[in-house]
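All values below were derived from every heavy atom in this structure, side-chain atoms included, with hydrogens, water molecules and symmetry-related copies excluded. Whatever order the structure lists them in is the order used to number ligands and atoms, beginning at 1. Please read all numbers here as calculations on a predicted model, not as lab measurements.
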Amino acid sequence: MSEKKVPGVSDYHDPAGGWGALGAVARAVRQQMAPIREMEALRRMNQPNGFDCPGCAWPDPKHTSSFEFCENGAKAVTWEATSKRTTPEFFAQHTVSELWTWHDHALENEGRLTHPMAYDKATDSYVVVSWDEAMQRIGAGLRALPDPNMAEFYTSGRASNEAAFLYQLFAREYGTNNFPDCSNMCHEATSVGLPESIGVGKGTVTLEDFDHCDALFSFGHNPGTNHPRMLSTLREISLRGKPIIVFNPLPERGLERFMAPQSPAEMLSGKSTPIASTYYRVKVGGDVAALKGMMKYLLDTDTAERAAGRPGTIDHDFIAANATGFEALVADLQATTWEAIERKSGLSRADLEAAAAVYANAERVIVCYGMGITQHNHGTENVQQIANLLLMRGNIGREGAGICPVRGHSNVQGDRTVGITEKPNKALNEGIRKRFGFDPPTAHGHDAVEAVKAIRDGRSHALICLGGNLAVAMSDPEVTFAAMAKLDLVVHIATKLNRSHLIMARESILLPCLGRTELDMQAGGPQSVTVEDSMSMVHASAGRLKPASPLLKSEPAIVAAMAKATLPDSKVDWNAMVADYDHIRDAIEAVFPIFERFNDRVREPGGFRLYIAASEGVWDTPDQRAHFLLAKGLDEDVQGPEDTLTLATLRSHDQYNTTIYGMDDRYRGITGRRDVIFIHPDDLAARGLQHGDCIDVEAVGKPGSAPRVVRGYTAVAYPIAEGSVAMYYPEGNALVALDNYDARSGTPSYKSVPVRILAAQPVTP
Ligand SMILES: Nc1nc2c(c(=O)[nH]1)N[C@H]1C(S)=C(S)[C@@H](COP(=O)(O)OP(=O)(O)OC[C@H]3O[C@@H](n4cnc5c(=O)[nH]c(N)nc54)[C@H](O)[C@@H]3O)O[C@H]1N2
Ligand SMILES: Nc1nc2c(c(=O)[nH]1)N[C@H]1C(S)=C(S)[C@@H](COP(=O)(O)OP(=O)(O)OC[C@H]3O[C@@H](n4cnc5c(=O)[nH]c(N)nc54)[C@H](O)[C@@H]3O)O[C@H]1N2
Ligand SMILES: [Mo]
């Protein structure tokens, strides 16, 4: 974008996929693995009888038999199946204080954890403990709490249905609904917003629907990096000649053009397939304005068309038969001016009308969206405006049409389905009572932000983490890190070492577990687990690799052991459940009737789909109707003063959330570094700054709030929407206040931080 040479910054001209992706896979394999282990692992990924790729929640084509290529899936697998090990000798050589100074990449790059470890304060290091000893300490620690609601049970979305179900059962029998969960930081706005709109908090489409849609709209997600297998789906839509309309502040290469590594024709000819037919660089936080603009156009043209005796652009019959709230939406749209819509979205009326015309001319439309929609102060309302747009033309509940929240972790959706929720409903509590004979707690527990606040304020004293890296994933590291250092008991169940494991409580225990790729042998023989993808397909996953260490235990086995150590009078037969996971699935079925015939159905090739009422045009709301719901005004975010920019924190191509595989972001032309901030050239010029300048980024908080600054970043002139800037997550979390979240869903506003950028100040010693 600029002539000036800046180290590690260049223009990337190739399509997504292609030879660049193949090269990256080869490098990942070379850096992590022994050849036999790696080939065995990659061969079984997403195959019937194989394991589910831990990379993302995008579904697999049902009838595939060939290896479904995905660069980031391969990275996720090689990272887990690595031949490197983080051993007791390693911990003996490096104190925790020393490890704290390491880069996040370096910590995980040491490889797989091999032994249960406990923190030894005298030597400031992790030392080996036996599994029995670890469990005794955990049980004693939890039993010592005066109130079970002083413990937090965090889940990261890689946990299987079986592990997650046992985990919630354990915590509920122990006596709490404190279930902070990674989805609280992710698609919670979907889980809260969609039930109100359409009666279900999940997507309504299946992969087959994409074969039948006449247009696809994409808001705020980056498939080239975060769900690369979706590129094959998008490519097919493009090859069918159907429009793909993208709203994204950054020009993301995977949404522009894709060279399919499985297509010899494309790979050999060097030709790629265009993806977006039109790409709108909406401002960060401008989607509600854009959506309201499109809906306003539908309203206007509908009236005009009908007046001229032609069919309108709104499906009034569908609305009359299915929905309420339309009149209020009409009033809201009429009260919204085009001037405000243009200013907020950064898009012209003509552009928005053109997008709306594509929408109106398509018989069947799917809208996909990701973190660009949910991680705002009004994320819940954002999601509901997408539902409004779809409902206006009856685009939910029929083939080829629907709403598609693109989920993150490979089983984040399933974990919620099997009971990881801080707000259990009656049916869940009844189900547990009937099947297990104890009374689960009914009072609502903590979500992720509330859990951190409770720890900060000394109301919670223990934290159990089933995977993840909560301290780093959460906003406001200054507050979060300090809070976690005050805990009495912390337990991490993990595959690899990360920064959260280095924040020491009075008692800190680190338990190594099996990963997806590994053989899970129990008393009843080799076990498989199940996962649910973004489209409610449930299927089995079975690893076959030799475990990274003979001491590893499966997540269900670890959870059961913790439960036995904590609850001597437990009503649950933990041993039987762990001996044969069919028993866990039977229990899931008993508590959640939508899993009827679970063990039979999951053994069918490709698994089965959970019933989603809205997919059938049935609205599971209190009044059995779909609802048009309003977003007040056009502001998705806290507004800073005039001179502020809106910062979105996002993923590079070389990371999996807080796991940093490497320092490159290939599709955005960044090599060997992450300390950059993407900014429009005019916004730079307006501040007297230039491409490559060293800058500080300062968050503009509420008056009186603590200053939040990151220093020494390099400004990269980039074709991002004006007024918007972007930097990488998790580094950007230093700028996100813990209180900056969507009040409806608790989702932190990781994509809406008002900031100022300034020429770097010399650091005072
Ligand atoms: N390789 C890899 N795969 C992953 C992950 C990973 O880290 N690495 N993470 C997994 C997880 S947990 C999740 S939740 C998903 C996340 O997948 P995404 O939802 O794609 O997440 P982000 O990288 O945060 O990017 C969001 C996109 O939104 C755009 N954006 C930012 N602000 C706005 C806005 O206000 N409006 C609009 N319209 N767009 C905006 C950004 O430009 C970016 O393209 O991916 C999952 N898959
Ligand atoms: N600023 C900013 N912050 C964000 C986001 C953002 O876009 N911007 N995105 C948010 C989102 S969408 C999410 S989902 C969260 C993610 O939050 P988390 O889910 O908590 O974080 P991850 O980085 O996915 O967790 C990585 C760790 O999981 C462990 N792990 C890996 N595989 C396994 C396994 O099979 N079993 C077990 N037990 N452990 C395993 C490893 O130890 C690894 O270090 O971050 C959120 N934070
Ligand atoms: Mo996520």
Margin query: Using a 4.0 Å heavy-atom cut-off, which part of His492 comes near ligand 2: side chain, backbone, both, or neither?
Written below: neither

Notebook entry, point to check: Got the closest protein heavy atom to atom 11 (C) of ligand 2, with its distance?
Noted result: Arg651 NH2, 3.5 Å

Note to self: Looking at Arg516 and Glu80, is any side-chain nitrogen of the basic one under 4.0 Å from a carboxylate oxygen of the acidic one?
What the structure shows: no

Next item on the list: Would you mind telling me if ligand 2 is within reach of the side chain of His409, the backbone, both or neither, using heavy atoms under 4.0 Å?
Entry: side chain

Note to self: For Tyr369 and His187: C-alpha separation, side-chain torsions, deciding distance, then whether ring pair (Phe, Tyr, Trp, His ring centres under 6.0 Å) applies.
What the structure shows: CA-CA 10 Å; Tyr369 67 93; His187 261 294; 5.6 Å; yes

Next item on the list: Report, in ascending order of atom number, the atoms of ligand 2 lying under 4.0 Å from any heavy atom of Ser156.
Entry: 18 (P), 19 (O)

Notebook entry, point to check: Nearest heavy-atom pair of Ala494 and Leu510: which atoms, and what distance?
Noted result: CB-CD1, 4.3 Å

Check: Do any N or O atoms from the side chain of Tyr713 and from the backbone of Val697 form a donor-acceptor pair under 3.5 angstrom?
Finding: no

Next item on the list: Check each atom of ligand 2 against the heavy atoms of Lys751 and keep those under 4.0 Å away; list them by number with element.
Entry: 7 (O)

Item checked: Min heavy-atom dist Leu650 to ligand 2 below 4.0 Å -> no

Check: Measuring from the heavy atoms of Met474, does anything fall under 4.0 Å of ligand 2?
Finding: no

Check: Measuring from Leu250:CG to Tyr718:OH, what's the distance to the nearest 0.5 Å?
Finding: 5.5 Å

Margin query: Given Arg668, which partner from the list Val676, Leu650, Val716 fulfils the side chain to side chain contact (heavy atoms under 4.5 Å, CB included) test?
Written below: Leu650

Notebook entry, point to check: Between the side chains of Ser554 and Tyr581, is a donor N or O closer than 3.5 angstrom to an acceptor N or O?
Noted result: yes

Check: Would you say Leu466 and ligand 2 have an N/O pair spaced under 3.5 Å apart?
Finding: no

Notebook entry, point to check: Which atoms from ligand 1 have a heavy atom of Asp287 less than 4.0 Å away?
Noted result: 34 (C), 35 (O), 36 (N), 37 (C), 38 (N)

Check: Which ligand 2 atoms does Gly467 reach within 4.0 Å, using its non-hydrogen atoms?
Finding: 37 (C), 38 (N), 39 (N)

Notebook entry, point to check: Which ligand 1 atoms are under 4.0 Å away from a heavy-atom of His376?
Noted result: 34 (C), 35 (O)

Check: With a cut-off of 4.0 Å, which atoms of ligand 2 are near a heavy atom of Cys513?
Finding: 36 (N), 37 (C), 38 (N)

Check: Are a donor atom and an acceptor atom from the side chains of Asp181 and Thr155 found within less than 3.5 Å of each other?
Finding: no

Next item on the list: Look at atom 8 (N) of ligand 2 and say which protein heavy atom is nearest, naming residue and atom and giving the distance to 0.1 Å.
Entry: Thr649 OG1, 3.0 Å

Check: Where is the nearest protein heavy atom to atom 12 (S) of ligand 1: which residue, which atom, and how far?
Finding: Asn657 ND2, 3.3 Å

Check: Can you tell which part of Arg158 has a heavy atom less than 4.0 Å from ligand 2: side chain, backbone, both or neither?
Finding: side chain

Check: At a 4.0 Å threshold, what atoms of ligand 2 neighbour a non-hydrogen atom of Asn498?
Finding: 27 (C), 42 (O), 43 (C), 44 (O)

Next item on the list: Would you tell me which option among Ser724, Ala648, Cys182 has the nearest heavy-atom contact to atom 32 (N) of ligand 1?
Entry: Ala648

Notebook entry, point to check: Short N/O distance, under 3.5 Å, between Met185 and ligand 2?
Noted result: no

Next item on the list: Report yes if some N/O of His501 lies less than 3.5 Å from some N/O of ligand 2; otherwise report no.
Entry: no

Notebook entry, point to check: Between Val282 and ligand 1, which residue portion shows a heavy-atom distance shorter than 4.0 Å: side chain, backbone, both, or neither?
Noted result: side chain

Next item on the list: Heavy-atom contacts with Glu555 under 4.0 Å: which atoms of ligand 2 show up? List them by number with element.
Entry: 34 (C), 36 (N), 37 (C), 38 (N)

Note to self: Minimum distance, heavy atoms only, to atom 15 (C) of ligand 1: which one of Pro251, Gly408, Gly370 is it?
What the structure shows: Gly408

Item checked: For atom 34 (C) of ligand 1, the option (of Ala290, Gly372, Gly286, Pro405) bearing the nearest heavy atom -> Gly372

Note to self: We want to know whether Glu162 and Thr530 form a side-chain donor-acceptor pair, criterion being a heavy-atom distance below 3.5 angstrom.
What the structure shows: yes

Notebook entry, point to check: By number and element, which atoms of ligand 1 are closer than 4.0 Å to a non-hydrogen atom of Leu250?
Noted result: 42 (O)

Notebook entry, point to check: Heavy atom under 4.0 Å from ligand 1: found in Asn226's side chain, backbone, both, or neither?
Noted result: both

Next item on the list: Apply the side-chain hydrogen bond (donor to acceptor under 3.5 Å, both in side chains) test between Asn377 and each candidate in Asn382, Asp742, Asn740, Thr747; give the one that qualifies.
Entry: Asn740

Next item on the list: Measure Gln375 to ligand 2 on non-hydrogen atoms and call it side chain, backbone, both or neither using the 4.0 Å cut-off.
Entry: side chain

Next item on the list: Give the single entry among Lys283, Gln655, Glu252, Met371 that approaches atom 43 (C) of ligand 1 most closely by any heavy atom.
Entry: Glu252

Next item on the list: Enumerate the atoms of ligand 1 whose separation from the nearest heavy atom of Phe247 is less than 4.0 angstrom.
Entry: 38 (N)

Item checked: Asn72-Asn226 side chain donor-acceptor pair, cut-off 3.5 Å -> no

Next item on the list: Would you tell me which option among Tyr729, Tyr728, Tyr154 has the nearest heavy-atom contact to atom 45 (O) of ligand 2?
Entry: Tyr729

Checklist line | Close-contact set for ligand 1 against His221 heavy atoms, below 4.0 Å | finding: 19 (O), 20 (O), 27 (C), 28 (O)

Check: Counting from 1, what ligand 1 atoms have a heavy atom of Asn222 closer than 4.0 Å?
Finding: 20 (O), 44 (O)

Item checked: Nearest-contact summary for atom 33 (C) of ligand 2 - protein heavy atom, Å -> Thr495 OG1, 3.5 Å

Margin query: For His409 together with Tyr656, are the ring centres under 6.0 Å from each other?
Written below: yes

Next item on the list: Have a look at Ala473, Cys70, Gly220, Pro54 and point out the one with the heavy atom closest to atom 28 (O) of ligand 1.
Entry: Gly220

Next item on the list: Quick one: look up the protein heavy atom nearest atom 21 (O) of ligand 2 and list residue, atom name and how far away it is.
Entry: Asn469 N, 3.6 Å

